[in-house]
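To keep things clear, I will list the structure first and then write my remarks on it.
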Amino acid sequence: MAYEKTNRRVYVETYGCQMNVADSELVGGILAKEGYAFTSDLASADVALINTCAIRENAEQRIHGRLGLFHAQKRRNPDLVVGILGCMAERLREKFLEQENLVDIVVGPDEYRKLPYLIDHAVNGEKGIAVRLSRVETYDDIEPLRTEGVSAWISVMRGCDKFCTFCVVPFTRGRERSRPLSTIVSEARSLATRGFRDITLLGQNVNSYVDGGHDFSDLMRAVAAVHNDVRIRFTTSHPQDMSDRLIEAISSTANICKYIHLPVQSGSDRILASMNRTYTVRGYVALVEKIRAAIPGVSLTTDIIAGFPGETDEDHRRTMALLQEVRYDGAYTFKYSPRERTRAWEMGDTVADDVKTERIGEIIALQRTISREINQLSVDSTERILVEGPSRKSDREYTGRTDANRTVVFPHAQEQPGEYITVTITRANSATLFGTRA
């Protein structure tokens, strides 16, 4: 379908996970092909889009507030087209489009190709909705719009078939489907040629990737072979699909990073069963032991949900015990947030919010202590890091990351983003290593 070329300016805000960031780059590629320009200034935009996340309630509240700001801008500029994209689109289309009249177009994750058409019609006063899920759409032929940089993300598959009872992803992003291995490798080669030196392969459950006779370990090896100086990472994985072949690929391939994000969610078998996580605590710990035996020095992070329906004090204590046993490098922690259409929604939100807050506070405090102790072990060591750019606090300091995904801050001299350097670690806290050029 062809569209008349345009010089409209687009402003995009992105919320949520790296999958949403990658989707915004896809949207950029689709619109750039039709002549759209992009702006970081809402006031100068002809089209304003929010790419949304529906995983937790507070994300929805934040986005509702931002739409209010967009709507105020539309009162000043009636020709402004306001759109909502992504995971929230289907679930809240009636509220935002019809009841509150905050947006002109609503587009789900599998319908981004229709954006030029919908924007053209919205300019003429016609509101539009496109939220149908697809079993085949992977956007494999779309070149994402990326600015130059050090790090890039490649979406290798879409959707999820796991149906964890707390998760809305299968209902907002559909079922699993993978891109061809050959086109992913081509995209990685293009990124390497443009100077990107850190590539993360993305999927809702990335290690269930399959393309014909190829599994995710084959894909990782193929992408890693593109360029020896490009580091390869992946997220997010499911313990059920962490195969021996994938562990061996990480262990034996120098530029596949020795870092694995391995969400556990709870340390209670009873809660894991209620979540439909398909593994037990002992099975998970055995997997961790296998990974650490095969990949010395591997860095492990995880996800933890506090206050899942029916979670008792004993369940919480079991989660705390698991943290102490596994000793993760880091953890992403969340209070349980009920989502409509999930099976957990039907269980009721049985844990009081103040109890959730107390439990997540204890989890964070314990993990912070463990992270600090692990990071202290790096003091006086030397680390090869990939320079990323200025630190958040000072242009006189730069940051980079180790192979194990630890952030390192060091005094800036002549280093350039994308360069590998060696740093001697002089001190550490729970989140960051600090050092000097070795």
Side-chain angles (χ1 to χ4, degrees), residues 16-18 53 55-59 160 162-169 204-207 235-242 259-289 291-292 298-339 342-344 347 349-375 405-406 430-431:
C17 64
Q18 281 304 145
C53 173
I55 298 299
R56 290 172 187 86
E57 184 178 4
N58 60 353
C160 184
K162 285 294 185 283
F163 287 92
C164 299
T165 60
F166 55 82
C167 185
V168 75
V169 165
Q204 237 71 45
N205 177 28
V206 72
N207 47 349
T235 194
T236 290
S237 59
H238 192 290
Q240 177 183 318
D241 298 316
M242 183 58 65
Y259 164 72
I260 299 173
H261 185 65
L262 196 66
V264 68
Q265 308 299 357
S266 174
S268 163
D269 282 341
R270 190 179 68 84
I271 296 300
L272 288 175
S274 187
M275 290 176 167
N276 191 34
R277 288 295 288 175
T278 69
Y279 52 81
T280 64
V281 171
R282 285 305 99 198
Y284 180 93
V285 170
L287 175 60
V288 167
E289 291 172 349
I291 290 170
R292 284 180 166 158
V298 66
S299 174
L300 292 176
T301 58
T302 198
D303 293 342
I304 300 286
I305 295 175
F308 187 80
E311 184 185 73
T312 64
D313 288 341
E314 177 59 27
D315 295 323
H316 172 61
R317 282 192 289 271
R318 290 179 184 273
T319 297
M320 297 286 284
L322 179 66
L323 289 177
Q324 291 173 318
E325 180 176 7
V326 174
R327 293 182 63 81
Y328 297 100
D329 292 75
Y332 299 91
T333 57
F334 313 94
K335 291 195 293 185
Y336 171 72
S337 179
R339 311 318 290 144
T342 64
R343 284 170 52 197
M347 302 175 191
D349 193 7
T350 63
V351 181
D353 189 67
D354 60 337
V355 175
K356 292 180 188 177
T357 299
E358 181 180 359
R359 288 177 183 172
I360 202 168
E362 292 176 359
I363 291 168
I364 291 170
L366 174 59
Q367 182 57 54
R368 187 174 290 138
T369 297
I370 293 169
S371 297
R372 183 171 58 251
E373 291 171 352
I374 290 173
N375 283 349
N405 207 41
R406 296 188 177 96
S430 62

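For the numbers below, each heavy atom of this structure counts, side chains included, while hydrogens, waters and symmetry mates do not. Keep in mind that this is a model prediction, so the values were computed, not measured.
Aromatic ring orientation, Tyr284 versus Tyr279: tilted (interplanar angle from 30° to 60°).
The structure places CG of Asp329 at 4.5 Å from CZ of Arg406, a figure rounded to the nearest 0.5 Å. With rounding to the nearest 0.5 Å, the separation of SG in Cys167 from CD1 in Ile305 is 8.5 Å. Atom CG of Leu323 is separated from atom CZ of Arg318 by 14.5 Å, given to the nearest 0.5 angstrom. Atom CG of residue Leu366 and atom CD of residue Gln324 lie 5.0 Å apart, to the nearest 0.5 angstrom.
Side-chain contact between Leu300 and Arg292 is present, with at least one heavy-atom pair separated by less than 4.5 Å. A heavy-atom distance below 4.5 Å is not found between the side chains of Phe308 and Ser266. When side chains are defined from C-beta on, Thr312 counts as touching Arg270, because their heavy atoms get closer than 4.5 Å. Pro239 places a side-chain heavy atom less than 4.5 Å from the side chain of Leu262. Between His238 and Thr278 there is a side-chain heavy-atom pair separated by less than 4.5 Å. Under the 4.5 Å side-chain criterion, counting only non-hydrogen atoms from C-beta, His316 is in contact with Ile363. Looking at heavy atoms from C-beta onward, Ile370 lies in side-chain contact with Gln367 at the 4.5 angstrom threshold. Residues Thr165 and Thr342 form no side-chain contact, since every pair of their non-hydrogen atoms from C-beta on lies 4.5 Å or further apart.
Glu311 pairs by the side chain to side chain donor-acceptor pair (under 3.5 Å) definition with Arg359, not counting sequence neighbours. In terms of the salt bridge (charged side-chain N to carboxylate O under 4.0 Å, His left out) criterion, residue partners of Arg317 (sequence neighbours excluded) are, by chain and number, Glu314. Shown here are the side chain to side chain donor-acceptor pair (under 3.5 Å) partners of Thr301, two or more places apart in sequence or in another chain: Tyr259, His261. With sequence neighbours excluded, the residues satisfying side chain to side chain contact (heavy atoms under 4.5 Å, CB included) with Glu358 are Glu362. Under the rule for a side chain to side chain contact (heavy atoms under 4.5 Å, CB included), the partners of Arg368 that lie at least two apart in sequence or sit in another chain are Ile364, Arg372, Ser430. Applying the side chain to side chain donor-acceptor pair (under 3.5 Å) criterion to Ser268, with sequence neighbours excluded, gives Asp315. Applying the salt bridge (charged side-chain N to carboxylate O under 4.0 Å, His left out) test to Glu325 and every residue at least two apart in sequence or in another chain returns Arg282. Residues passing the side chain to side chain contact (heavy atoms under 4.5 Å, CB included) test with Glu373 are Arg327, Thr369, sequence neighbours excluded. In this view, Asp303 satisfies the salt bridge (charged side-chain N to carboxylate O under 4.0 Å, His left out) rule with no residue, not counting sequence neighbours. Under the side chain to side chain donor-acceptor pair (under 3.5 Å) criterion, Asp349 pairs with Lys356, not counting sequence neighbours. Here Asp269 pairs with Leu272, Thr280, Val281 under the side chain to side chain contact (heavy atoms under 4.5 Å, CB included) rule; sequence neighbours left out.
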Does Ile260 form a side chain to side chain contact (heavy atoms under 4.5 Å, CB included) with Met242? I'd like the steps, not just the answer. CA-CA 10 Å; Ile260 299 173; Met242 183 58 65; 3.8 Å; yes
Please step through side chain to side chain contact (heavy atoms under 4.5 Å, CB included) for the pair Tyr328 and Leu322, ending with a clear verdict. CA-CA 10 Å; Tyr328 297 100; Leu322 179 66; 4.2 Å; yes
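The shortest heavy-atom contact between Pro263 and Ser237 is CD-O, 3.1 Å. The minimum heavy-atom distance linking Gly330 with Ser371 is given by the pair CA-OG, 4.0 Å.
Residue Tyr332 places its OH atom among 12 or fewer non-hydrogen atoms of other residues, nucleotides or ligands, all under 6.0 Å distant. Residue-environment remark: CZ (Arg277) exceeds the threshold of 12 foreign heavy atoms within 6.0 Å.
Checking Met347, Gln265, Arg343, Arg339 one by one against Phe166, the side-chain contact (heavy atoms from CB on, under 4.5 Å) holds for a single residue, Gln265.
Thr302 contributes a side-chain N or O that, together with a main-chain N or O of Val264, makes up a donor-acceptor pair within less than 3.5 Å.
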